[in-house]
Protein chains: 2
Amino acid sequence: MATGPTIRDVAARAGTSTAVVSYVLNDGPRPVAPATRARVLDAVADLGYRRNNLARALRANRTGTIGLVVPDLAKPFFAELVRAVEDAAFTRGFRLLVGSAHFDAGREGEQLQALLDARVDAILLAPSQDPAPAVTPLRRAGIPHVLVHRTHPGTAGVAGDDTDAGRQAAAHLLGHGHHHIALLGAGTGDDPVSLRARGADAVLTEHDRPVSRLACPFPNLRDDAYLATRALLASQPQVTAICATTDEHALGALRAATEAGRRTGDDLALVSIDGTALAAYLTPALTAVTTPFDAIGTDAIDTILNPTSTPTIRRHPLTLTTRRSCGCRPTG
Amino acid sequence: MATGPTIRDVAARAGTSTAVVSYVLNDGPRPVAPATRARVLDAVADLGYRRNNLARALRANRTGTIGLVVPDLAKPFFAELVRAVEDAAFTRGFRLLVGSAHFDAGREGEQLQALLDARVDAILLAPSQDPAPAVTPLRRAGIPHVLVHRTHPGTAGVAGDDTDAGRQAAAHLLGHGHHHIALLGAGTGDDPVSLRARGADAVLTEHDRPVSRLACPFPNLRDDAYLATRALLASQPQVTAICATTDEHALGALRAATEAGRRTGDDLALVSIDGTALAAYLTPALTAVTTPFDAIGTDAIDTILNPTSTPTIRRHPLTLTTRRSCGCRPTG
DNA sequence: TTGAAAGCGTTACCAC
DNA sequence: GTGGTAACGCTTTCAA
């Protein structure tokens with residue numbers, strides 16, 4: 001790793017001082033005569049000089065790096081989130097340090113500590129579970145941080161409007177004329193699954209529809225939704241529609257339905273929430289209330305780069321994408 | 001961002017010098033008397049001191065960070081690869097800086113340059129296209145680098161044994177007694193799709209089986225495999241089995257088959273190569289020659305952290321996982 | 001076994 | 001407009 005030329009080499013070649021070179025490179029904080037500036041730029045080009053960002057970071061106490069911790073980098077939802085965040089960060093000249101928490105609070109804490117030690121400028125966290133224990137050390141460390149996907153009162157957050165998403169999903173099934181609807185996912189918290197389930201539930205209750213509520217206590221295990229749906233279809237034939245609170249739940253439900261001989265999209269309707277790329281490519285293609293990943297990623301990065309005094313939680317609307325699984329016959 | 005206590009503060013509190021504190025913190029390079037060491041450790045604990053890795057990195061010219069660039073962080077295959085690599089890196093005390101290349105050589109170059117500027121200790125690259133143009137600047141920069149998934153002669157690489165994977169997939173279909181088999185994916189290069197296709201092709205040719213070769217010129221677009229399969233099924237009813245060179249291809253094929261009224265796993269067999277988590281959860285579940293992500297991720301990290309003088313390319317065997325799509329009836 | 005001090009490469013203050 | 005130079009916080013040599 002031959003260490004390249006330094007700012008001193010540039011200064012020497014341009015016949016000036018390191019201070020002036022720095023002024024040119026950073027467009028300030030002091031003005032530089034055009035002729036001098038030109039000589040400096042020539043020297044930079046001749047030498048192929050590239051600034052040492054480590055030294056710059058030490059001096060400025062800014063690394064140009066943002067940390068992101070998600071429960072699982074490989075899960076489609078978080079993978080799409082990471083891509084969106086990385087894109088937004090790259091566009092703004094920031095690099096992204098990522099970590100997987102394995103849906104484990106302990107591991108999440110280690111990842112956050114590692115990011116703190118790496119001196120990232122800011123931290124984005126998609127909490128694996130209850131955000132509270134993760135937020136406390138971040139606040140104490142005095143580092144800008146924003147929660148993503150799952151929020152926490154008093155902490156800046158960017159997420160989808162999950163309650164509304166749940167409403168949209170339920171309303172769509174209602175629009176198809178379904179009477180007895182099953183809800184895959186439940187909860188009383190302010191996590192996405194709980195919010196979506198309650199949003200859907202509210203709409204169904206409002207319309208006096210019977211609801212079969214399936215808790216799926218481990219919502220991250222597709223097997224869980226699979227087993228719950230299998231049991232449901234066997235015991236409650238009157239259910240004609242399923243509202244899944246995540247694509248993972250939908251995947252399990254779809255499998256159970258198919259194995260039970262139900263033709264999803266024909267004699268069973270299924271609507272999902274998340275709308276990962278995956279949904280479009282299943283058979284049948286999944287009707288899903290779709291997450292605006294790019295908007296969320298961009299908003300998360302912008303929020304963290306322009307911290308305001310009062311932390312706010314912003315929720316982005318999800319939009320219904322109709323495909324086959326709900327019984328719709330989309331054109332094309 | 002209140003900058004915490006420094007090594008000077010620790011030294012002062014322990015009544016010794018910064019040098020000794022450093023020796024204690026790093027277990028060397030000089031010995032420290034037990035009593036002194038204890039005082040230092042006490043001071044560290046009392047102050048809640050955490051070393052500034054920026055300063056350490058500047059001094060040591062090592063950041064403890066590894067860069068990884070993949071074509072698309074959101075694609076299931078690369079998402080699983082990233083998780084495996086991150087895991088291995090984290091275990092060894094390294095952080096991971098990631099970048100998406102958007103399957104674009106120009107963007108890939110920018111990402112690599114950004115990693116170089118960030119002074120990462122080493123770079124892992126899953127090339128988007130021809131690795132050659134990306135490898136040259138890495139070599140010139142004198143930074144340890146290892147290619148993943150897609151390799152290049154003369155450059156260290158860790159990948160799957162793609163030729164063998166293709167052979168396994170074809171052999172399995174042969175074992176099911178299929179005669180006319182379609183091959184989804186083709187190529188003459190040493191990229192995974194080409195190698196897998198050639199491996200499969202060799203086995204089929206060897207057994208004198210007719211092969212329908214579908215190029216899918218844009219193998220990253222699932223639509224491409226979908227359209228190719230749709231045309232194939234319409235025009236060549238004698239085809240009873242499809243060998244897909246990636247899960248993305250298989251997804252498209254599965255959709256086309258279902259829409260054409262074929263029951264995959266019954267009157268049409270489908271075997272895929274990649275074996276992302278997805279394969280297990282499709283309906284029917286996909287029989288796939290499965291990538292050992294963890295082994296590849298670990299090997300990639302270990303290879304890059306222990307560079308040898310002669311770059312070698314290591315290929316890890318993929319293993320067949322039988323599920324429903326090929327017509328097997330797996331127990332359970 | 002310990003400590004003073006010289007850097008690592010930048011930035012930016014202060015003087016000219 | 002320009003140039004010395006003192007930091008940033010750490011590691012490690014060299015001398016004691």
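Letters go in sequence order (proteins before strands), and every chain restarts at 1. Quick caveat: nothing in here was measured; it's all calculated off a predicted structure.
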Show me the donor-acceptor pairs within less than 3.5 Å that the side chains of residues 137-149 of chain B make with the rest of the protein, sequence neighbours left out.
unit_1, atom_1, unit_2, atom_2, d
B:R139, NH2, B:T155, OG1, 3.1
B:H145, ND1, B:I143, O, 2.7

Side-chain donor or acceptor of A:S100 paired with backbone N/O of A:L73 under 3.5 Å: yes

By salt bridge (Lys or Arg N to Asp or Glu O under 4.0 Å) - contacts of B:D190 (at least two apart): none

Pairs flagged by salt bridge (charged side-chain N to carboxylate O under 4.0 Å, His left out) wherever residues 7-20 of chain B is involved - sequence neighbours left out: B:R13-B:D46

In a table with atom names and distances, give each donor-acceptor pair under 3.5 Å that connects a side chain of residues 31-41 of chain A to protein atoms at least two apart or in another chain.
unit_1, atom_1, unit_2, atom_2, d
A:R37, NH2, A:D27, OD1, 2.8
A:R39, NE, A:A14, O, 3.0
A:R39, NH2, A:A14, O, 3.2

Residues which pass side chain to side chain contact (heavy atoms under 4.5 Å, CB included) with B:A132, listed by chain and number, not counting sequence neighbours: B:D130, B:H152

Within residues 31-46 of chain B: residues closer than 4.0 Å to DNA chain C (heavy atoms): B:P31, B:V32, B:A33, B:T36

Step-by-step side chain to side chain donor-acceptor pair (under 3.5 Å) determination, A:T291 to A:D274: CA-CA 5 Å; A:T291 306; A:D274 265 357; 4.5 Å; no

Position toward the 5' end of DNA chain C (nearest nucleotide), A:R30 or A:T6: A:T6

Residue list, side chain to side chain contact (heavy atoms under 4.5 Å, CB included) with B:D299, at least two apart or on another chain: B:V158, B:T303, B:R314, B:H316

Check: B:Q129 main-chain N/O paired with B:R150 side-chain donor or acceptor under 3.5 Å: yes

Sugar-phosphate, base or nothing in reach of B:R59, heavy atoms under 4.0 Å: base

Sugar-phosphate, base or nothing in reach of A:R8, heavy atoms under 4.0 Å: nothing

Touch class at under 4.0 angstrom, heavy-atom based, for B:S22 against every strand present: base

Sugar-phosphate, base or nothing in reach of B:N26, heavy atoms under 4.0 Å: sugar-phosphate

DNA chain C: 5'-most and 3'-most nucleotides touching chain B, 4.0 angstrom heavy-atom criterion: C:dT1 to C:dG9

Value rounded to 0.5 Å, distance of CG in A:L115 from CG in A:L125: 9.5 Å

Residues which pass side chain to side chain contact (heavy atoms under 4.5 Å, CB included) with B:R92, listed by chain and number, not counting sequence neighbours: B:A88, B:F94, B:T298, B:I301, B:D302, B:L305

5′-ward residue of the pair B:A60/B:Y23 relative to DNA chain C: B:Y23

Bending between helix ends of the helix from C:dT1-D:dA16 to C:dC16-D:dG1 [5 pairs per end, 10° resolution]: 40°

Distance in Å, B:R119 CZ paired with B:L97 CG, rounded so as to fall on 0.5 Å steps: 14.0 Å

Range on DNA chain D touched by chain A - first to last nucleotide, heavy-atom distance under 4.0 Å: D:dG1 to D:dG9

Pairs flagged by salt bridge (charged side-chain N to carboxylate O under 4.0 Å, His left out) wherever residues 51-65 of chain B is involved - sequence neighbours left out: none

Nearest-nucleotide comparison on DNA chain D, the residue closer to the 5′ end among A:A55 and A:G15: A:G15

